[in-house]
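One structure is given here, and the rest of the page talks about it.
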Amino acid sequence: MNLSDLARNSCMLRGALAKKGYMRWWHSFSGIQSESGETRSFFIEFFIINPGLGGDAPVLGQHPYNRKHGRKPSYVMVKAGAFPDGQGDGGRQLHAFYPVSALQATGSPLVMQLKGDPERPCQSGDCFYSEDKLTGFVEVTPGEARRRSYMSDSGFMEWDLEVRKSVTCHTGKRSSRFFRALKTQDSYWHGEGIRSFFQGRVSLDGIPYDVLPETSYGYADKHWGRSFNRPWFQFACGKLASQRTGQELRHSALAVNAFCPRFLGIPLGKRLMLQLTYRGEDFEFTRCKWETKETGKRYVWHILAQDKSTVVKISGSCTKAEMMRLQYENPEGRKFRIPPLGGCAGIGNLQLFRKGSGGREWMDTLTLENALCIYRPVGSAAGKTV
């Protein structure tokens with residue numbers, strides 16, 4: 001439902017999750033290079049892993065010493081970068097690692113601040129997060145990027161942004177404290193800003209980009225839990241145009257997130273959570289049929305969601321060239337053999353129907369552009385229908 005919940009967006013790795021858990025606050029948006037008119041899609045993420053094991057230095061799980069001695073990762077990471085263009089060029093992810101002791105954080109509303117230390121490796125400058133502002137910079141030298149434990153490209157990115165979160169996807173009781181205590185999922189999701197307006201400036205390797213509210217098509221959410229999404233699939237769009245009116249919908253948004261519920265520790269199968277906010281009306285679904293198809297150049301997703309009164313049909317895709325491998329390690333210190341792919345150039349269409357006594361009544365067809373796509377292929381690319 002479209003209900004803001006800043007408490008759910010706060011830090012909450014307590015108990016067992018403090019020593020075996022992660023939290024990640026993701027932001028993605030578009031910026032325009034004023035001189036050339038080039039548009040790029042950027043991302044900024046605050047990532048905390050196993051804070052209860054931390055100290056005065058970041059523990060990198062991929063470092064040979066830590067792997068040999070079975071030390072689990074513990075750090076705060078700032079991930080920043082840009083997705084590739086249509087030719088597959090320019091993709092960049094930059095990682096700065098901070099010790100848990102460097103983090104200053106409040107409760108709700110959440111404010112996080114990281115103080116950089118030029119004497120320490122892996123770190124960049126000061127970084128700041130709040131519900132309405134992001135500032136910071138990350139720099140990774142070529143020498144640092146060659147270290148496998150950094151899981152990073154080389155480069156420099158700086159940002160100063162204001163954020164206004166307009167539409168929220170609140171997952172209700174599925175992510176409540178009671179169900180978290182029962183460990184009904186390995187990973188939980190809250191979309192505080194599935195339609196967000198970003199404003200400010202970003203500099204990537206010294207090239208400035210202007211971020212404007214109407215063309216930022218921003219997205220912000222949070223995941224947390226014991227392990228990453230299985231399956232890992234997200235499709236989200238804030239640039240929706242109505243075929244019925246011929247206009248772009250300013251405060252409408254689509255967000256899709258995969259999850260795998262558990263009962264008594266037993267996986268119950270792959271599911272999707274889907275929220276469509278359309279012209280002030282919210283449509284929510286948790287049981288959807290979906291499949292993934294892979295062509296030579298694209299990943300394609302087909303989703304069918306329905307309840308007693310509404311039917312939503314989605315066809316979306318993203319080119320492989322415009323997706324990049326997103327590097328992470330899990331709370332156990334292991335990397336994906338096949339990492340998730342991310343891009344912000346998804347396209348598609350959405351058909352919305354109302355059920356009536358005479359059958360389906362067409363409400364609208366929406367064109368989707370600049371959609372966030374995060375997908376982890378597992379074996380065959382074909383998804384399982386549930």
> Backbone N or O of H63 within a donor-acceptor pair of the R147 side chain at under 3.5 Å?
Replying inline: no

> What class does the angle between the rings of Y75 and F97 fall in, given that below 30° is parallel, 30 to 60° is tilted and above 60° is perpendicular?
Replying inline: perpendicular

> Centroid-to-centroid, Y375 to W232, below 6.0 Å?
Replying inline: no

> Should the pair R92 and F43 be classed as cation-pi, given the thresholds of under 6.0 Å to the six-membered ring centre and 45° from the axis?
Replying inline: no

> Are there more than 12 heavy atoms of other residues, nucleotides or ligands under 6.0 Å from atom NZ of K320?
Replying inline: yes

> side chain to side chain contact (heavy atoms under 4.5 Å, CB included) between V163 and L134: does it pass, once the steps are laid out?
Replying inline: CA-CA 8 Å; V163 187; L134 295 168; 4.2 Å; yes

> Does the pair D221 and R24 meet the rule for a salt bridge (Lys or Arg N to Asp or Glu O under 4.0 Å), with working shown?
Replying inline: CA-CA 8 Å; D221 74 359; R24 49 183 293 264; 5.4 Å; no

> So is R230 actually on top of F228's ring, under 6.0 Å and inside 45° of the axis?
Replying inline: no

> Looking at W301 and T292, what are the two nearest heavy atoms and their distance?
Replying inline: CD1-OG1, 3.1 Å

> Only one of F198, Y219, Y209 forms a ring-ring contact (aromatic ring centres under 6.0 Å, His included) with F29, so which one is it?
Replying inline: F198

>> If we ignore hydrogens and angles and just use 3.5 Å, is the side chain of H27 paired with the main-chain N or O of I44 as donor and acceptor?
In response: yes

> Yes or no on side chain to side chain donor-acceptor pair (under 3.5 Å) for S152 and E144, after CA distance, side-chain angles and deciding distance?
Replying inline: CA-CA 8 Å; S152 179; E144 290 171 333; over 6 Å; no

>> Is it the case that over 12 heavy atoms from other parts of the model lie below 6.0 angstrom from the NZ atom of K115?
In response: no

>> More than 12 heavy atoms of other residues, nucleotides or ligands under 6.0 Å from NZ of K19: yes or no?
In response: no

> Out of E45, R334, H95, which residue meets the side chain to side chain donor-acceptor pair (under 3.5 Å) rule with Y328?
Replying inline: E45

> Is there side-chain contact between L276 and D282, with at least one heavy-atom pair below 4.5 Å?
Replying inline: no

> Should L254 and L368 count as side-chain neighbours, where that means a heavy-atom distance under 4.5 Å?
Replying inline: yes

> Using 30° and 60° as the class limits, which term best fits the ring planes of W189 and H223: parallel, tilted or perpendicular?
Replying inline: parallel

> Do NZ/NE/NH1/NH2 and the carboxylate oxygens of E131 and K165 come within less than 4.0 Å?
Replying inline: yes

